[in-house]
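Counting starts at 1 for both ligands and their atoms, following the listed order.
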Amino acid sequence: MSIAENIQMIRDRMARAAKAAGRDPAEILLVGASKMNGAGACREAIAAGIDALGENRVQEMTAKLAENAYDGAPLHFIGHLQRNKVRQVVGRAALIQSAGSVELLEEIHRQAEKLGITQNVLLEVNIGGEASKSGFSPQALYPAAEKARTLSHICVRGLMTIPPIAEKPHGNLPYFAKVAQLYVDISRNLYDNGFIYLSMGMSDDFEDAIAAGATMVRVGSAIFGHRQYSQ
Ligand SMILES: *Cc1c(COP(=O)(O)O)cnc(C)c1O
């Protein structure tokens, strides 16, 4: 199957999941997680109408930017971001989905201020409480969202989460439901209902994420094929 065919198949499945949940399929964006895929694959996905492309390594993103891999679609940063690399991402990514600490928010603000721009971000939630993952605990999320409101060169547009690897089918539904509740609460109480992006769901579970309320899914291998980590 080609990348275009895969995207069409994912769109069909997204639409079915949305309708089953009584939702409008048009309100859910498909982000292609294009890590470890070359500029040619990115261009194919853009030609097939992907809504955005997401990268999770700064070095790879920078190299592919130099090849104009993302022309025609918004670029998102979705990976773990180190503070000393923030400068290379602010202003290049339309949305930084992985803002997972107050220090990172402050650094994004500082770099955006230097450029005279406002950087759109999502707050990453570590909903499984995993030590191996970055992101705010549910308890830390509220204070972080309050703090972010005071950083004038940052605009928080919603939440992102990567739940633990599911042990059984639909195993992540409870996590998705919890993050959806946090999204609604924080948007209502702190952001005047201004949140627009609830980014959750990947190749194996995007339909469950849509059932729980995702407005953005990040799909990699189901679009681009299995990644060759040995390369
Ligand atoms: C790779 C990646 C995805 C997509 O994963 P698949 O299982 O290949 O769909 C989604 N989100 C993030 C943050 C990723 O790094």
* Structure fact -> So for Ser221 against ligand 1, with non-hydrogen atoms under 4.0 Å, the contacting part is both
* **ligand 1 contact on Ile78 by region, counting heavy-atom pairs under 4.0 Å** => both
Proximal ligand 1 atoms for [X], defined as those under 4.0 Å from one of its heavy atoms:
X: Ile162; result: 13 (C)
X: Lys35; result: 1 (C), 2 (C), 3 (C), 14 (C), 15 (O)
X: Ala33; result: 2 (C), 3 (C), 4 (C)
X: Val219; result: 9 (O)

* Asked: Does a donor on one side chain sit under 3.5 Å from an acceptor on the other, for Tyr142 and Asn189?
  -> yes
* Asked: If you measure only the distance, is there a donor-acceptor pair under 3.5 Å linking the side chains of Asn126 and Glu130?
  -> no
* Does Gly220 reach ligand 1 with a nitrogen or oxygen that is under 3.5 Å from one of the ligand's nitrogen or oxygen atoms? -> yes
* From CD1 (Ile78) to CE (Met61), nearest 0.5 Å -> 12.0 Å
* Closest candidate by heavy atom, reference atom 7 (O) of ligand 1, pool Ser203, Gly225, Ala222 -> Ser203
Kindly say whether [Y] contributes a backbone atom to a donor-acceptor pair with the side chain of [X] at under 3.5 angstrom?
X: Ser203; Y: Ala222; result: yes
X: Ser187; Y: Val184; result: no
X: Ser98; Y: Gly79; result: yes

* Would you say Gln97 touches ligand 1, if touching means a heavy atom closer than 4.0 Å? -> no
* **Residue pair Glu55, Lys64: steps toward the salt bridge (charged side-chain N to carboxylate O under 4.0 Å, His left out) verdict** => CA-CA 10 Å; Glu55 289 293 344; Lys64 280 148 80 173; 2.7 Å; yes
